[in-house]
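Atom set for the values below is all heavy atoms of this structure, side chains included, hydrogens, waters and symmetry mates excluded. Letters go in sequence order (proteins before strands), and every chain restarts at 1.
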There are 2 protein chains.
Amino acid sequence: MRRTRRRRGNAVTIHEVARRAGVSPMTVSRVTNGEDNVREATRDLVLKAIRELNYSPNPAARSLAGAQSTRIAMIYSNPSVAYLSELLVGALDKASKTAVQLVLEKWDDLKPVAERAAARKLAQSVAGVILPPPLCESDVIASELAAANVPTIAIATGRFRANVSCVRIDDFRAASEMTAHLIALGHTRIGFIKGHPNQTASAQRFAGFETTLEAAGITPNPAYVQQGYFTYRSGLEAAEQLLDRKRPPTAIFASNDDMAAAVISVAHRRGLDVPRDLSVVGFDDTITATTVWPELTTIRQPIAAMADAALNLLLRKIRHKKTGEPAEPVDHLFAHELVKRASDAPPREP
Amino acid sequence: MRRTRRRRGNAVTIHEVARRAGVSPMTVSRVTNGEDNVREATRDLVLKAIRELNYSPNPAARSLAGAQSTRIAMIYSNPSVAYLSELLVGALDKASKTAVQLVLEKWDDLKPVAERAAARKLAQSVAGVILPPPLCESDVIASELAAANVPTIAIATGRFRANVSCVRIDDFRAASEMTAHLIALGHTRIGFIKGHPNQTASAQRFAGFETTLEAAGITPNPAYVQQGYFTYRSGLEAAEQLLDRKRPPTAIFASNDDMAAAVISVAHRRGLDVPRDLSVVGFDDTITATTVWPELTTIRQPIAAMADAALNLLLRKIRHKKTGEPAEPVDHLFAHELVKRASDAPPREP
DNA sequence: CCGCAGGACGTTAGCGTTAACAATAGGCAT
DNA sequence: ATGCCTATTGTTAACGCTAACGTCCTGCGG
């Protein structure tokens with residue numbers, strides 16, 4: 001007599017699909033993995049069976065058989081919590097669906113030497129790495145991982161580099177659209193608070209701002225531009241500076257939501273009404289944008305979707321790596337969106 | 001001749017551990033799963049080998065072989081991002097170490113019927129559930145999961161219930177300490193902003209406040225107590241109310257950091273200096289506490305450690321369930337800490 | 001001294017998938 | 001027709017782990 005079987009629940013397996021399609025499991029596997037050495041007719045047969053049985057491959061079995069360790073590291077450092085949180089949610093969701101094991105590493109302010117060592121060590125133990133900002137900018141990490149042949153994806157980096165794939169939005173265009181929006185409202189004296197200088201996205205956003213200003217025939221005024229560091233604190237200081245001007249700006253475009261929130265706080269402290277006396281807009285659409293009052297007009301990045309895509313890309317790269325195909329870096333641009341809320345209005349004085 | 005082996009990189013397997021310990025793989029498996037039918041001496045041998053080889057079980061193989069998914073769900077709903085983020089970091093860290101697969105679910109404002117259905121469905125697919133606030137208060141979810149015999153841990157619920165284990169801090173004592181701190185500074189007119197009424201922790205915190213006030217000989221003034229909902233927005237309104245009083249409080253104790261941040265914002269808008277004109281203290285020590293200016297004096301909850309402990313407890317319960325032992329609910333109290341920062345000072349007028 | 005119970009540990013056989021190789025069919029040049 | 005090559009499909013044996021069952025050994029009562 002047969003042993004008690006231990007098949008779990010009721011999940012459809014590759015064998016059932018194979019039987020129904022009248023082929024071997026291996027052929028089914030080839031179809032699900034998109035290999036091209038299957039005849040068109042056979043492929044259709046298999047696909048039909050898959051649809052009929054509503055089959056989906058068991059990720060655990062896949063990663064076990066594939067001998068590809070599916071550990072993927074995400075390295076973060078001094079993150080914006082709101083950003084990290086949304087990123088984690090997206091990544092975790094995908095990870096649980098594909099049976100990859102996400103491991104989190106926190107590398108705070110490492111010196112390049114330490115960073116290099118850490119990257120080298122990490123490369124031993126994981127199959128891929130996700131680099132959210134600000135670490136996505138580190139050439140040290142990128143080059144070390146590339147040297148170790150560990151697929152890497154940068155999220156929301158401002159530029160596309162040769163050795164690392166990335167998933168991002170078009171910071172330049174987004175900033176440009178926001179600037180155009182402010183101009184369309186009637187603003188001409190627009191302040192700008194830059195992001196952290198170590199991130200390319202900061203430069204992109206500023207470039208988008210300046211270019212659009214010029215295109216509209218407004219000469220950029222250096223006195224209306226302040227350096228910030230993506231922190232609330234730096235936003236406070238920058239706002240103080242901007243509002244101390246004899247003719248202060250009628251609108252301030254901060255390079256992220258945290259700094260925009262700081263601007264609102266300063267404005268309130270000075271008795272200015274937002275948006276009647278001062279329009280304030282942010283960038284990223286993190287939770288901050290909707291917690292402050294008034295709610296921020298900002299640029300929405302689909303962070304969770306980007307995390308999802310990043311994992312997808314990474315998995316594909318890991319697979320390609322196994323087959324030896326030299327996967328060339330990808331630059332996956334996501335669509336952003338200008339979210340209009342309550343922190344902007346036409347200027348009081350024309 | 002042997003076929004080419006396809007062993008992945010360098011991961012240590014259960015066989016290597018077994019060989020080193022001089023036992024069978026099965027014994028190692030029993031040890032890693034905490035089964036009790038292994039002699040003490042043997043167990044130590046195995047544990048030593050595990051440590052020496054730095055072995056950690058392959059989750060894919062585990063879930064494939066076990067037919068028991070080590071999937072643990074964390075259900076969140078309208079969370080404080082800062083809180084969620086820290087929670088996720090802690091849970092994920094532990095999860096990757098113990099090879100459990102964390103799945104995230106977002107249940108936003110479900111009606112009880114829908115919530116019950118969702119819980120019933122979830123119970124089919126996971127081995128355990130973690131309930132952070134505010135869902136940790138839901139008796140519907142708790143009872144449904146208990147009925148399905150799915151181990152559940154509530155995080156940071158205010159009270160201990162018979163059917164759900166929980167991991168939390170002593171909200172009453174923490175609030176009491178903070179109140180005593182304000183009184184020690186010389187404050188007698190202390191405002192309080194309550195948390196969301198659907199969370200027991202809110203009541204606990206308020207009780208701690210009121211009790212300590214009375215113990216110090218100060219009669220609680222209902223006019224100094226406002227209902228809040230843990231949101232920044234609700235904090236704004238509550239603060240406006242409190243500061244509109246003819247004799248406004250000289251200190252405001254908000255039931256969480258977000259509302260405390262809102263109080264600071266309102267104070268600034270009214271030209272009050274924090275802390276010279278108004279002391280403001282929060283609760284939770286989320287990231288908000290250190291982003292606002294001045295930084296908040298608050299109560300620190302070790303959120304990440306609590307997530308870690310929650311997973312631990314859950315794993316133990318899942319194991320016990322397999323062996324049939326009836327695990328009785330646990331109430332794991334964590335130590336909190338009053339973190340003194342820059343938002344409190346003695347009152348200006350005595 | 002035997003038999004038997006029960007605990008500790010080992011063996012076997014999968015879990016569902018894919019890597020590596022084998023086999024087969026068809027095509028084409030010799 | 002024969003041999004050889006390629007495109008397609010099948011077979012076998014892992015991947016690392018654990019459920020289920022088997023075996024051995026110890027201890028104890030009769």
Side-chain angles (χ1 to χ4, degrees), chain A residues 1-19 21-46 50 53 55-71 98-99 101 127 318-319 322-324, chain B residues 1-19 21-46 50 53 55-70 99 319 322-323:
Chain A
M1 180 183 154
R2 193 77 155 293
R3 241 169 217 256
T4 322
R5 311 214 74 237
R6 35 168 164 134
R7 263 289 298 289
R8 106 165 84 212
N10 36 14
V12 179
T13 75
I14 201 172
H15 289 93
E16 300 169 47
V17 176
R19 189 143 32 86
V23 299
S24 78
M26 199 56 223
T27 303
V28 177
S29 167
R30 282 193 260 262
V31 171
T32 60
N33 288 311
E35 286 172 37
D36 54 359
N37 51 349
V38 178
R39 236 188 319 161
E40 202 57 40
T42 316
R43 179 188 305 279
D44 289 346
L45 226 56
V46 171
I50 288 178
L53 295 173
Y55 163 76
S56 97
N58 178 328
R62 231 178 198 185
S63 76
L64 185 57
Q68 37 148 332
S69 93
T70 9
R71 285 159 50 93
T98 53
Q101 190 184 344
I318 291 170
R319 189 161 289 166
K322 286 201 311 185
T323 63
Chain B
M1 185 186 150
R2 192 77 154 294
R3 242 172 218 256
T4 323
R5 313 215 71 238
R6 39 169 161 133
R7 263 292 299 289
R8 99 166 95 216
N10 38 13
V12 181
T13 75
I14 201 171
H15 289 92
E16 301 168 49
V17 176
R19 189 144 33 86
V23 299
S24 78
M26 199 57 220
T27 303
V28 177
S29 168
R30 281 192 259 261
V31 171
T32 59
N33 288 313
E35 286 172 38
D36 53 1
N37 52 349
V38 179
R39 241 187 316 161
E40 201 58 38
T42 316
R43 178 186 306 277
D44 290 346
L45 226 55
V46 171
I50 289 179
L53 296 174
Y55 165 76
S56 104
N58 178 327
R62 237 182 193 180
S63 76
L64 185 57
Q68 43 132 350
S69 57
T70 6
R319 211 161 284 149
K322 284 203 310 187
T323 62

Separation between [atom1] of [X] and [atom2] of [Y], rounded to the nearest 0.5 Å:
| X | Y | atom1 | atom2 | answer |
| --- | --- | --- | --- | --- |
| A:I50 | A:E16 | CD1 | CD | 12.5 Å |
| A:T42 | A:R30 | OG1 | CZ | 10.5 Å |
| B:E40 | B:L45 | CD | CG | 11.5 Å |

B:N33 side chain near B:R62 side chain, heavy-atom distance below 4.5 Å: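 Yes, at least one pair of side-chain atoms sits under 4.5 Å.
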
Within-4.5 Å side-chain heavy-atom neighbours: B:P57 and B:I14: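 With C-beta onward as the side chain, the pair stays apart.
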
Closest to the [X] side chain, choosing from [options]:
| X | options | result |
| --- | --- | --- |
| B:I14 | D:dT18, C:dC9, C:dT17 | D:dT18 |
| B:V38 | D:dC17, C:dC9, C:dT17 | C:dC9 |
| B:T32 | D:dC17, D:dT18, C:dA8 | D:dT18 |

Test log, rule side-chain contact (heavy atoms from CB on, under 4.5 Å), inputs A:L64 and B:N58: CA-CA 9 Å; A:L64 185 57; B:N58 178 327; 4.2 Å; yes

How many whole angstroms separate atom [atom1] of [X] from atom [atom2] of [N]?
| X | N | atom1 | atom2 | value |
| --- | --- | --- | --- | --- |
| B:R19 | C:dC9 | CZ | P | 20 Å |
| A:E16 | C:dG16 | CD | P | 8 Å |
| A:H15 | C:dC15 | NE2 | C1' | 11 Å |
| B:N33 | D:dG16 | CG | C1' | 13 Å |
| A:R30 | C:dT18 | CZ | C1' | 10 Å |
| B:D36 | C:dG6 | CG | P | 16 Å |
| A:E35 | C:dA20 | CD | C1' | 12 Å |
| B:L64 | D:dC17 | CG | C1' | 8 Å |

Do any side-chain nitrogens or oxygens of [X] fall under 4.0 Å of OP1 or OP2 in [N]?
| X | N | value |
| --- | --- | --- |
| B:T13 | D:dC15 | no |
| B:R62 | D:dT18 | yes |
| B:S29 | D:dC17 | no |
| A:R39 | D:dA7 | no |

From CA spacing to verdict: side-chain contact (heavy atoms from CB on, under 4.5 Å), B:V23, B:R43: CA-CA 10 Å; B:V23 299; B:R43 178 186 306 277; over 6 Å; no

Minimum heavy-atom distance [X]-[Y], with the two atoms named:
| X | Y | result |
| --- | --- | --- |
| B:Y55 | B:T32 | CE2-CG2, 4.0 Å |
| A:V46 | A:T27 | CG2-CG2, 4.4 Å |
| A:S24 | A:A18 | C-CB, 3.7 Å |
| A:V38 | A:V31 | CG1-CG2, 4.2 Å |

Give each protein N/O atom lying under 3.5 Å from an N/O atom of nucleotides 23-28 of chain C, with the pair distance.
none

Touch class at under 4.0 angstrom, heavy-atom based, for B:N37 against every strand present: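 Sugar-phosphate contact only.
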
Terminal helix-axis angle for the helix from C:dC1-D:dG30 to C:dT30-D:dA1, with five pairs defining each axis and rounding to 10 degrees: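 Axis-to-axis angle, ends of the helix: 60°.
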
Any residue of residues 21-28 of chain A with a heavy atom less than 4.0 Å from an atom of DNA chain C: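 Per residue number, the list reads A:M26.
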
